[in-house]
Amino acid sequence: MAKLYHKDKSIQIKSSVSALYNNLSVLRIAPRCLTYFTVVHANVVNMVSASWDGLNYSHRQLQSKEGNVATSSSLIMQAAWCVLPSRDLLVLTSQKGIQMYESDGSIMVYWHALDMPETRTAKAVFARGIASAVVIQGVSSGSVLVFDVPSKGSNITLSEVLEEHKEAITDMASECSGSLECIADLVSADDSGLLCVWKSGEDFQLLNKIPGFDTSCSSVKLWKGTVIAGYGTGQIRLYEGVTGILHAEVNAHARWIYSLDIAPFTGLLISAAEDSWVRVWHLSLTPETNSVEIEHMYNECVTDTQICGAKFCDGDGYAFAVTGYDLSEIIRYTQA
């Protein structure tokens, strides 16, 4: 297999990586020739701004908060950027609520508290799963919260709650190809592996429910109407979103998949798992036969590392970044 990528200079971070699904987020700021990275450690988000020439790095740490309380010990479950038509927001989800920041992490513009049960139950309460469109969040009750975000300012409102999942939300994704032909533009996944496929709008429409056979779906993506789901079994499944037809099933990893990402312009897919392997695949659509094919392109082993996050750094898949449990660095790879 050709050596598609080579290892680039790693980025040091202030504290180590927590063992969470999808524990890496990347935002490319092309006009300023910068890339932002975030990684969660316990109740802190490590944010790094890296210049493309590799000469300048600036660091910021965001603490988990509760309303106006300066800091909180509540664990952060995920941090991700939501790229909206008129602005980008950095969204943090925790055991207590949802924090939304300006994209550079400078100002918190919104806080949403999670409903805490009156009695202490055995079920943990937390928010996890972040998708763009309007800002959409999943919570541990299985609810999906839809927020309406103005083009500027902090007048963010909870506009809708979608109640189709019965288990905790694990991940969510909005259509990333920019294609307007796609009917489905949002997918949500939960701990039972159930996938719900939605069409957004004034009111969200449930288009399909794809059963999960009782194995958790830890990471999900949506590309050109195709749902790409990674599971605790190490499998990747490709479904047609609207009909739920299974296009392909791949035994991609020996252990739990922690992260998937897709480069929307090229159809490159990255998968990363507890088994220390990062794999790059290529998806191709044949509209005439309405079929999707997946081809294995590249492997990289991060020795003795439980990989928690893997993300492309650009829309073409020219470079990608990887995080691993307990590492204090972001490892980068660039096409050879």
Side-chain angles (χ1 to χ4, degrees), residues 18 20-23 25 38-47 60-84 87-174 186 188-191 196 198 200 202-204:
S18 288
L20 300 167
Y21 302 148
N22 307 300
N23 192 0
S25 190
T38 59
V39 180
V40 176
H41 168 82
N43 65 334
V44 173
V45 173
N46 293 294
M47 181 174 164
R60 171 173 261 151
Q61 287 192 315
L62 301 175
Q63 291 271 349
S64 112
K65 289 185 166 68
E66 288 171 52
N68 296 324
V69 180
T71 60
S72 159
S73 60
S74 69
L75 295 176
I76 295 171
M77 308 305 287
Q78 199 177 359
W81 278 281
C82 287
V83 178
L84 306 173
R87 72 195 289 192
D88 302 336
L89 290 176
L90 174 59
V91 181
L92 276 50
T93 61
S94 76
Q95 294 168 312
K96 294 289 171 68
I98 296 158
Q99 295 161 229
M100 299 187 197
Y101 288 83
E102 295 295 1
S103 61
D104 63 357
S106 57
I107 301 166
M108 187 165 91
V109 292
Y110 184 72
W111 155 259
H112 177 85
L114 289 180
D115 295 330
M116 300 311 262
E118 291 300 311
T119 54
R120 285 191 74 84
T121 58
K123 277 192 102 163
V125 174
F126 55 84
R128 180 175 61 195
I130 301 169
S132 310
V134 279
V135 175
I136 301 155
Q137 307 277 312
V139 294
S140 54
S141 64
S143 301
V144 173
L145 311 182
V146 181
F147 293 92
D148 203 5
V149 179
S151 57
K152 55 178 190 286
S154 57
N155 189 23
I156 294 167
T157 52
L158 176 64
S159 60
E160 200 173 347
V161 180
L162 310 175
E163 303 275 13
E164 289 292 338
H165 291 275
K166 301 290 175 274
E167 299 290 328
I169 301 294
T170 46
D171 196 22
M172 297 165 64
S174 47
L186 177 75
S188 50
D190 73 21
D191 259 335
C196 288
W198 308 86
S200 65
E202 277 299 301
D203 293 306
F204 276 61

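Here the structure is a predicted model, which is why all the values come from computation and not from measurement. This chain uses plain numbering: 1 for the first residue, then up along the sequence. Reckoned from all heavy atoms, side chains included, excluding hydrogens, waters and symmetry mates.
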Side chains of [X] and [Y]: does their closest heavy-atom pair fall under 4.5 Å?
X	Y	value
Ser64	Val44	no
Ser143	Val161	yes
Val109	Arg87	yes
Lys96	Trp111	yes
Arg60	Asp104	yes
Leu145	Ile98	yes
Gln78	Asp171	yes

Verify, without hydrogens or angle tests, whether Thr170 (side chain) and Ala189 (backbone) share a donor-acceptor contact under 3.5 angstrom.
-> yes
Donor-acceptor under 3.5 Å (Asn23 side chain, Val40 main chain) | yes
On a heavy-atom basis, which atom in [X] and which in [Y] lie closest, and how many Å separate them?
X	Y	value
Leu92	Ala79	CD1-CB, 4.1 Å
Glu202	Glu160	O-OE1, 3.7 Å
Gly97	Leu114	CA-CG, 3.8 Å
Trp198	Ser188	NE1-OG, 3.0 Å

Show your working on side chain to side chain contact (heavy atoms under 4.5 Å, CB included) between Ile156 and His112 and close with a plain yes or no.
-> CA-CA 10 Å; Ile156 294 167; His112 177 85; over 6 Å; no
